[in-house]
There are 2 protein chains.
Amino acid sequence: MTRFMILPPIGIGRGQWGAMKVRERPRTARQYVVGTLRREILQGRHQPGSRLRQEEVAARLDVSTTPVREAFRDLLAEGLISLDAHRGAVVRGLTLSDVQEIYQMRVRLEPLLAERTFDNVTDEQIARAEALHRRMCANTSPETWASLNEEFHATLTGGETQDGRLSGIVYTLAHAASPYVVLSMFARPEIIEMNNRDHAELLALYRVRDREGVSLKTELHLAQTLDTIEREVERKSSQQLADLNRDTEPG
Amino acid sequence: MTRFMILPPIGIGRGQWGAMKVRERPRTARQYVVGTLRREILQGRHQPGSRLRQEEVAARLDVSTTPVREAFRDLLAEGLISLDAHRGAVVRGLTLSDVQEIYQMRVRLEPLLAERTFDNVTDEQIARAEALHRRMCANTSPETWASLNEEFHATLTGGETQDGRLSGIVYTLAHAASPYVVLSMFARPEIIEMNNRDHAELLALYRVRDREGVSLKTELHLAQTLDTIEREVERKSSQQLADLNRDTEPG
DNA sequence: AGTTTGTATATTATGCACAATGCATAGATT
DNA sequence: AATCTATGCATTGTGCATAATATACAAACT
């Protein structure tokens with residue numbers, strides 16, 4: 001049935017709404033602000049301790065202050081800023097103690113998430129994870145590797161589709177710690193290879209449907225990562241740390 | 001410059017959010033809305049699945065819509081509502097699976113929190129916790145007991161003064177599960193006595209500064225509580241369960 | 001005829017400009 | 001010098017305009 005299409009050929013099939021759902025939803029101003037500020041903070045573009053003034057942010061991103069205020073609430077929930085009544089938003093830095101706390105939580109929570117989602121993991125999801133794994137083995141740039149890494153774990157645990165508290169918390173924690181992970185990988189590229197080997201083992205355990213094995217491997221993987229980061233931070237002077245955090249990426 | 005004020009002086013004017021304690025520092029409208037809605041939801045006054053319309057809430061609490069929207073963001077972070085762009089807020093119910101998830105997280109996180117805060121616990125804090133413990137032993141009303149219980153644990157772990165991610169998450173989880181805890185205590189009052197004995201043991205361990213013991217006891221205490229809740233829910237007929245979180249989906 | 005597809009309307013969330021409150025700091029008074 | 005007061009400034013709150021979604025209803029196709 002060849003029906004005349006009034007609206008642009010974005011989607012095949014019926015109507016623009018079905019197609020809209022596949023593409024990205026029209027983002028609200030708030031989502032735009034949250035995304036931008038989160039990226040900026042995680043990339044270290046805002047000095048920890050510096051204030052974020054809503055008017056300034058609103059002017060810079062060309063929106064009004066209302067969506068900025070709501071964005072601040074979201075960033076507060078993610079732990080990226082602190083927010084006191086009438087006193088405004090302050091960028092929270094990540095101390096080593098923070099990173100340790102985050103990883104100690106992940107070590108305990110991610111095996112639990114893996115166990116709880118284990119039965120819902122399909123062969124197709126494993127296949128997608130394996131595809132991501134191959135791309136991660138081929139790509140050695142820390143940033144893109146980290147990005148793929150997040151997608152990898154999200155694929156195996158149901159990702160954002162899961163609406164429970166656990167998956168949301170795990171997702172947020174993984175995000176929050178990412179700058180340090182990237183940092184340690186910059187310092188010692190062999191860490192990436194170690195992670196890739198861990199992922200290969202993990203995929204193998206998923207393939208043979210070894211629930212217990214997946215849980216244990218997940219725990220071990222994170223504990224080792226924390227250990228690596230701790231050693232790396234100890235090795236570095238805090239000066240160098242600050243330098244790396246301050247520098248921004250080349251366009 | 002004394003231009004006439006459209007808004008009356010603090011405290012009286014925009015109504016009854018002065019109806020709370022007059023002596024308390026003027027809270028912001030947002031804090032008032034968050035507190036009110038949280039209490040209402042946790043008390044089960046809103047059917048799970050029902051919508052919260054910002055205009056309605058704003059009119060009822062005699063506030064404008066902006067603080068209501070920001071309050072929605074806070075409640076979203078606490079997991080009490082879900083929130084989709086342009087589609088509004090929906091009250092989330094607590095399924096047994098949710099409660100299990102929450103307790104499985106608490107079993108893993110609270111020992112960690114106890115360990116991390118252990119060295120900062122002062123004798124004075126222990127004394128305050130003991131005072132609360134005595135009041136809890138004397139009081140057998142489930143609601144007040146639960147309220148004191150939260151204060152008890154907050155006292156021993158630094159409470160809200162702590163600004164790390166861990167303490168905030170633990171605090172939120174404890175809050176979220178409270179309706180079920182109260183429920184199980186209503187059903188079987190001896191649970192309160194069991195908890196009181198656990199607390200006495202815990203305090204003794206704090207007194208002798210046994211870090212490992214505190215951690216283990218905390219874990220055991222929560223695991224037992226989850227077990228009790230599960231058995232209690234199982235014991236009840238699915239009839240009564242259905243009463244608690246009524247399914248709003250029409251066939 | 002029954003179902004689906006398209007359009008108009010109504011409802012609700014989102015965004016904006018402005019008014020007002022509270023915090024912080026600098027200046028004046030005792 | 002210390003305390004109190006006044007002023008600047010950023011956050012908070014309000015009312016309204018706009019954009020998006022859901023609902024109702026008419027038209028078209030199988």
Side-chain angles (χ1 to χ4, degrees), chain A residues 1-7 11 13-21 23-36 50-76 81-91, chain B residues 1-18 24-36 49-76 81-91 250:
Chain A
M1 161 196 64
T2 48
R3 203 150 151 38
F4 190 82
M5 294 254 165
I6 301 178
L7 276 170
R14 41 245 297 332
Q16 70 266 37
W17 300 287
M20 280 295 257
K21 217 223 163 211
R23 303 196 103 212
E24 251 186 273
R25 273 208 183 153
R27 301 214 308 173
T28 64
R30 181 190 56 75
Q31 289 170 316
Y32 165 62
V33 175
V34 171
T36 305
S50 65
R51 271 182 79 182
L52 287 177
R53 269 167 303 158
Q54 53 183 226
E55 268 185 35
E56 186 191 55
V57 172
R60 184 160 61 88
L61 302 185
D62 197 27
V63 287
S64 111
T65 57
T66 307
V68 174
R69 276 153 62 184
E70 294 184 25
F72 281 178
R73 298 265 141 223
D74 289 354
L75 296 173
L76 173 70
I81 64 174
S82 64
L83 204 50
D84 289 313
H86 295 116
R87 239 180 291 181
V90 174
V91 179
Chain B
M1 50 181 70
T2 26
R3 305 177 33 175
F4 62 82
M5 300 224 175
I6 301 187
L7 279 182
I10 324 167
I12 337 170
R14 193 121 181 170
Q16 57 280 62
W17 39 306
E24 282 185 23
R25 227 175 100 216
R27 295 196 298 174
T28 63
R30 180 190 58 75
Q31 287 170 315
Y32 165 62
V33 175
V34 171
T36 305
S50 66
R51 277 183 71 184
L52 287 177
R53 268 164 301 162
Q54 55 181 221
E55 258 185 51
E56 187 192 54
V57 172
R60 184 161 62 87
L61 302 185
D62 196 25
V63 196
S64 135
T65 56
T66 305
V68 173
R69 276 153 59 186
E70 294 186 21
F72 281 178
R73 301 259 142 229
D74 289 353
L75 295 173
L76 173 70
I81 63 174
S82 63
L83 204 49
D84 289 312
H86 296 116
R87 238 178 292 182
V90 174
V91 179

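Labels below follow one simple rule: chain letters A, B, ... track the order of the sequence lines, proteins then strands, and each chain is numbered from 1. If you're wondering where the values come from, they're calculated on a predicted model, not measured in any experiment.
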Compare the minimum distances between each of [options] and the side chain of [X], then state the nucleotide with the smallest one.
X: Q54(A); options: dC16(C), dT12(D), dC16(D); answer: dT12(D)
X: H86(B); options: dA20(D), dG15(C), dA10(D); answer: dA20(D)
X: R51(B); options: dT12(D), dA13(C), dT11(D); answer: dA13(C)

Considering non-hydrogen atoms only, spot the tightest contact between [X] and [Y] and give its length.
X: I81(B); Y: F72(B); result: CD1-O, 3.4 Å
X: V57(B); Y: V33(B); result: CG1-CG1, 4.4 Å
X: R73(B); Y: E70(A); result: NE-OE1, 3.7 Å
X: R27(A); Y: Q31(A); result: CA-OE1, 3.4 Å
X: L76(A); Y: S82(A); result: CD1-CA, 4.1 Å
X: V63(B); Y: P67(B); result: CG1-CG, 3.3 Å

If I take atom CD from residue E55(B) and atom CZ from residue R53(B), how far apart are they, to the nearest 0.5 angstrom? 9.0 Å
Using whole Å, what does the distance between atom [atom2] of nucleotide [N] and atom [atom1] of [X] come to?
X: E55(A); N: dC9(D); atom1: CD; atom2: C1'; answer: 9 Å
X: D84(A); N: dC23(C); atom1: CG; atom2: P; answer: 11 Å
X: Q31(B); N: dT11(D); atom1: CD; atom2: C1'; answer: 13 Å
X: R30(B); N: dT21(C); atom1: CZ; atom2: P; answer: 19 Å
X: R87(A); N: dT12(D); atom1: CZ; atom2: P; answer: 11 Å
X: L52(B); N: dT14(C); atom1: CG; atom2: P; answer: 13 Å
X: R53(A); N: dT12(D); atom1: CZ; atom2: P; answer: 14 Å
X: L83(A); N: dG22(C); atom1: CG; atom2: C1'; answer: 15 Å

Nucleic acid contacts of residues 66-75 of chain B, taken as heavy-atom distances under 4.0 Å to DNA chain D: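 T66(B), P67(B) - these, ordered by number, are the residues of the stretch whose heavy atoms sit under 4.0 Å from the strand.
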N/O (side chain, S64(A)) to phosphate O (OP1/OP2, dG15(C)) under 4.0 Å: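 No, S64(A) has no side-chain N/O under 4.0 Å of OP1/OP2 on dG15(C).
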